[in-house]
Student: 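Got a structure for you, questions after.
Just so it is clear, the values below take in all heavy atoms, side chains as well, and ignore hydrogens, waters and symmetry mates. Along the sequence shown, residues are numbered consecutively beginning with 1.
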Amino acid sequence: QVQLVESGGGLVQAVGSLRLSCACSGRTFSRYAMGWFRQAPGKEREFVAAISRSGGVTRYQDSVKGRFTISRDNAKSTVYLQMNSLKPEDTAVYYCAAGEFGAATTTYGTYDNWGQGTQVTVSS
């Protein structure tokens, strides 16, 4: 098991930017593919972005392509989500997830380690 702690959320105006961070501890970070998911009030948790164990492959939800960028720093055991051109519909709690597999997986159920979430609110 690993422990995941997200940070960087907050309130931002539309078209603004935020960078989320997720610090990982407990086991070797490079063993894990990482993902970001989000959950808005009254909605199911949905996939946002994922990055492979090596960092060489990334995947995105269609609605965030070209605006969000996922990256990782294995030396710092941290994964990032750079969010640009934010929209009110991006408002949600954002969760970091880790799975002990290699691929950048988009499926919620395949990740078995989760952070506590960080709130992102985008005002219009």
Student: Could you measure the distance from the CG atom of L18 to the OG1 atom of T121? Nearest 0.5 Å is fine.
Tutor: 9.5 Å
Student: If two hydrophobic side chains count as joined below 4.5 Å and joins carry through other members, does V64 share a cluster with F47?
Tutor: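 No, V64 does not connect to F47 through the hydrophobic network.
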Student: Counting only N and O atoms by type, is there a donor-acceptor contact under 3.5 Å from the side chain of R53 to the main-chain atoms of G99?
Tutor: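 Such a contact is absent between R53 side chain and G99 backbone.
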Student: With no hydrogens and no angle check, is any side-chain donor or acceptor of Q39 less than 3.5 Å from a backbone partner on K43?
Tutor: yes
Student: Would you name the heavy atoms of S17 and S85 that are closest together and state the gap between them?
Tutor: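 That would be OG-N, 4.3 Å.
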Student: Using the salt bridge (Lys or Arg N to Asp or Glu O under 4.0 Å) criterion, which residues pair with R67? Sequence neighbours excluded.
Tutor: D90
Student: Ignoring hydrogens and angles, tell me if any N or O in the side chain of E6 forms a donor-acceptor pair with the backbone of Q116 under 3.5 Å.
Tutor: yes
Student: Within the distance-only criterion (no hydrogens, no angle test), does the side chain of Y111 pair as donor or acceptor with the backbone N or O of T105 below 3.5 angstrom?
Tutor: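 Checking the backbone N and O of T105 against the side chain of Y111, a donor-acceptor pair under 3.5 Å is found.
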Student: Taking the side chain as every heavy atom from C-beta outward, state whether I51 and V57 have any pair of such atoms under 4.5 Å apart.
Tutor: no
Student: Counting only N and O atoms by type, is there a donor-acceptor contact under 3.5 Å from the side chain of R38 to the main-chain atoms of T91?
Tutor: no
Student: Can you measure from CG (N113) to SG (C24) and round to the nearest 0.5 angstrom?
Tutor: 7.5 Å
Student: To the nearest 0.5 Å, tell me how far S124 OG sits from E89 CD.
Tutor: 10.0 Å
Student: Donor-acceptor pair, distance only, cut-off 3.5 Å: does the side chain of Q82 make one with the backbone of R19?
Tutor: no
Student: Run the side-chain contact (heavy atoms from CB on, under 4.5 Å) check on Y94 and V48 step by step: do they pass?
Tutor: CA-CA 9 Å; Y94 283 70; V48 176; 4.3 Å; yes
Student: Answer whether the closest heavy-atom distance between the side chains of Y80 and L20 falls below 4.5 Å.
Tutor: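 Of all side-chain heavy-atom pairs linking L20 with Y80, none is under 4.5 Å.
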Student: Atom CG in L81, atom OH in Y60: separation rounded to 0.5 Å?
Tutor: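 That separation rounds to 7.5 Å.
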Student: Looking only at non-hydrogen atoms, find the nearest pair between A103 and A33 and report the distance.
Tutor: O-CB, 3.1 Å
Student: Any salt bridge (charged side-chain N to carboxylate O under 4.0 Å, His left out) involving residues 22-37? Give me the pairs, sequence neighbours left out, ordered by first then second residue.
Tutor: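 Sorted pair list: R27-E100, R31-E100.
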Student: Under 4.5 Å between side-chain heavy atoms, hopping through other hydrophobics if needed: is there a path connecting V79 to F101?
Tutor: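 V79 and F101: separate clusters.
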Student: What heavy-atom pair brings S52 and A104 nearest, and what distance separates the two atoms?
Tutor: N-CB, 3.7 Å
Student: Answer yes or no: is there a side-chain heavy-atom contact under 4.5 Å between L4 and M34?
Tutor: yes
Student: Kindly indicate whether the side chain of F29, heavy atoms from C-beta on, has any atom under 4.5 Å from the side chain of T78.
Tutor: no
Student: When you compare the side chain of V120 with that of M83, does any pair of heavy atoms fall below 4.5 Å?
Tutor: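 Sidechains of V120 and M83: in contact.
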Student: If you take the centroid of each ring, where Trp contributes its six-membered ring, are Y95 and F37 closer together than 6.0 Å?
Tutor: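 No - the distance between ring centres of F37 and Y95 does not fall below the 6.0 Å cut-off.
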Student: Below 4.5 Å, heavy atoms only, C-beta onward: do V15 and L86 meet side chain to side chain?
Tutor: no
Student: Test your reading of the model: is there a side-chain donor-acceptor pair from T28 to the backbone of S30, 3.5 Å cut-off?
Tutor: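 Checked: no pair found.
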Student: So W114 and Y108, would you call those rings parallel, tilted or perpendicular, with 30° and 60° as cut-offs?
Tutor: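 Because their plane-to-plane angle lies in the 30° to 60° range, the rings of W114 and Y108 count as tilted.
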